[in-house]
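Encoded as structure tokens, the structure appears first; notes follow it.
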Amino acid sequence: KRGTWVIDDSGKLTVNINGDMADYSEGKAPWYGYADQITAIHISSGCTNVGRNGFYGLTEVKEVTGGENVEACAMYSFENCGNMIPEIYLPKCDYLGECAFRGCGAVRIVLPVVEEVRKKAFAQCPYLTQIDLGSKIESIGVLAFSECPQMWADYTPNIFMSNPTPPKLYTKVAAST
């Protein structure tokens, strides 16, 4: 057993996990049946990885707290999650899978130690105005910030990196051999 979860009367989903969250198929996380009631997410300090589709489709979420020990967000982990979430802060997250935050309703995402951002990680985020990637960023996948209208509203992206060496920017998807 990896952990427990509960939704309180205010709509806050608290996920108590020690270690990695399980991976789920789209819309199959155990709390997904309550998606329309979930307005906040709290990730316990024991959670080290947000699993595939972990918070997929929780469109009513307006707050994400905790997650101070999350080291990775798998593919689709926050896809289509949230509606005007002021900030998602994951201080130890160093890896983002493909489409990890695609369509996410966050306004600001702070990932101070992220090293790798996979393709379309932040694509189609309607409210996203700022991303803080810190000093360890090494690579940013193709279309990572595509279709984020607020990010590009003034033709100056609000992407902050304090790494003195620019990361690899992938502009094409490599053909598999």
Side-chain angles (χ1 to χ4, degrees), residues 1-8 11-35 37-83 85-106 108-125 128 131-145 167-168 170 176:
K1 189 173 182 181
R2 291 180 190 224
T4 61
W5 60 275
V6 65
I7 302 169
D8 68 19
K12 180 195 241 177
L13 167 65
T14 299
V15 180
N16 292 306
I17 294 174
N18 287 312
D20 294 349
M21 178 188 289
D23 289 329
Y24 302 101
S25 298
E26 186 176 299
K28 300 295 184 186
W31 43 82
Y32 186 77
Y34 305 93
Q37 299 169 35
I38 298 171
T39 59
I41 297 169
H42 178 76
I43 305 167
S44 72
S45 62
C47 182
T48 55
N49 177 24
V50 177
R52 180 185 289 203
N53 292 301
F55 300 118
Y56 167 84
L58 302 182
T59 59
E60 301 302 315
V61 171
K62 298 197 182 314
E63 180 182 43
V64 175
T65 58
E68 59 269 12
N69 291 312
V70 168
E71 297 171 358
C73 291
M75 294 172 65
Y76 318 115
S77 53
F78 286 90
E79 184 177 26
N80 297 326
C81 175
N83 185 2
I85 301 167
E87 181 176 278
I88 296 176
Y89 176 61
L90 300 173
K92 293 185 179 176
C93 184
D94 63 11
Y95 174 81
L96 292 182
E98 289 180 19
C99 305
F101 286 93
R102 184 172 71 181
C104 179
R108 180 176 185 220
I109 298 175
V110 181
L111 304 161
V113 298
V114 71
E115 295 174 6
E116 183 176 5
V117 173
R118 300 296 301 246
K119 72 179 184 180
K120 296 185 180 181
F122 302 103
Q124 302 169 353
C125 293
L128 192 59
I131 298 174
D132 296 337
L133 297 177
S135 64
K136 296 188 176 196
I137 187 73
E138 294 176 5
S139 67
I140 298 175
V142 66
L143 301 171
F145 307 105
K168 292 178 188 174
Y170 296 95
S176 58

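Side chains included, hydrogens not; waters and symmetry mates left out as well; all remaining heavy atoms used.
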Please report the C-alpha distance between N53 and Y32 in whole Å, then the side-chain angles of each, then the deciding distance to 0.1 Å, and finally whether the side-chain contact (heavy atoms from CB on, under 4.5 Å) criterion is met.
-> CA-CA 10 Å; N53 292 301; Y32 186 77; over 6 Å; no
Do R108 and E87 meet the salt-bridge criterion of a basic N to acidic O distance under 4.0 Å?
->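 Salt bridge between E87 and R108, a charged N being under 4.0 Å from a carboxylate O: yes.
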R102 with E79: basic N within carboxylate O range, under 4.0 Å = yes
Euclidean distance, [Y] [atom2] relative to [X] [atom1], rounded to 0.5 Å:
X: F78; Y: C73; atom1: CZ; atom2: SG; answer: 5.0 Å
X: C81; Y: L58; atom1: SG; atom2: CG; answer: 5.0 Å
X: I38; Y: E60; atom1: CD1; atom2: CD; answer: 10.5 Å
X: L90; Y: E68; atom1: CG; atom2: CD; answer: 9.5 Å
X: K120; Y: L143; atom1: NZ; atom2: CG; answer: 6.0 Å
X: S77; Y: E98; atom1: OG; atom2: CD; answer: 12.0 Å

Quick one: which residue pairs count as a salt bridge (charged side-chain N to carboxylate O under 4.0 Å, His left out) with a foot in residues 37-52, not counting sequence neighbours?
-> none
Provide the closest heavy-atom pair for [X] versus [Y] in the form atom of the first, atom of the second, distance.
X: V61; Y: E63; answer: CG1-O, 3.4 Å
X: C125; Y: G103; answer: SG-N, 3.9 Å
X: A74; Y: G51; answer: CB-C, 3.7 Å
X: A72; Y: V70; answer: O-CG1, 3.4 Å
X: G97; Y: A121; answer: O-CB, 4.2 Å

State, with a plain yes or no, whether a side-chain heavy atom of [X] is found less than 4.5 Å away from one of [Y].
X: D94; Y: V114; value: no
X: I17; Y: W5; value: no
X: V6; Y: T4; value: no
X: L96; Y: L111; value: yes
X: S139; Y: E116; value: yes
X: M21; Y: F55; value: yes

May I ask you to check whether Y76 and Y56 place their ring centres under 6.0 Å from each other?
-> no
For the pair C104 and I88, evaluate side-chain contact (heavy atoms from CB on, under 4.5 Å) and give the outcome as yes or no after the intermediate values.
-> CA-CA 10 Å; C104 179; I88 296 176; 4.0 Å; yes
N83 and T59 side chains, donor-acceptor separation under 3.5 Å =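 Their side chains do not contain a donor-acceptor pair, so the 3.5 Å distance test is not met.
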Among side-chain atoms of H42 and T14, is any donor-acceptor pair under 3.5 angstrom?
->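 Side-chain D/A pair, H42 to T14: absent.
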More than 12 foreign heavy atoms under 6.0 Å from NZ of K62: is that the case here?
-> yes
Show the numbers, then the answer: is there a side-chain contact (heavy atoms from CB on, under 4.5 Å) between T48 and D20?
-> CA-CA 5 Å; T48 55; D20 294 349; 2.7 Å; yes
Is it true that a side-chain atom of D8 and a backbone atom of G11 form a donor plus acceptor pair closer than 3.5 Å?
-> yes
Any donor-acceptor pair under 3.5 Å from N69 side chain to S45 backbone = yes
Give the C-alpha distance, both sets of side-chain angles, the deciding distance and a yes or no for side-chain contact (heavy atoms from CB on, under 4.5 Å) between F101 and Q124.
-> CA-CA 9 Å; F101 286 93; Q124 302 169 353; over 6 Å; no
Just say parallel, tilted or perpendicular for the rings of F145 and F122, cut-offs at 30° and 60°.
->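 F145 and F122: parallel rings.
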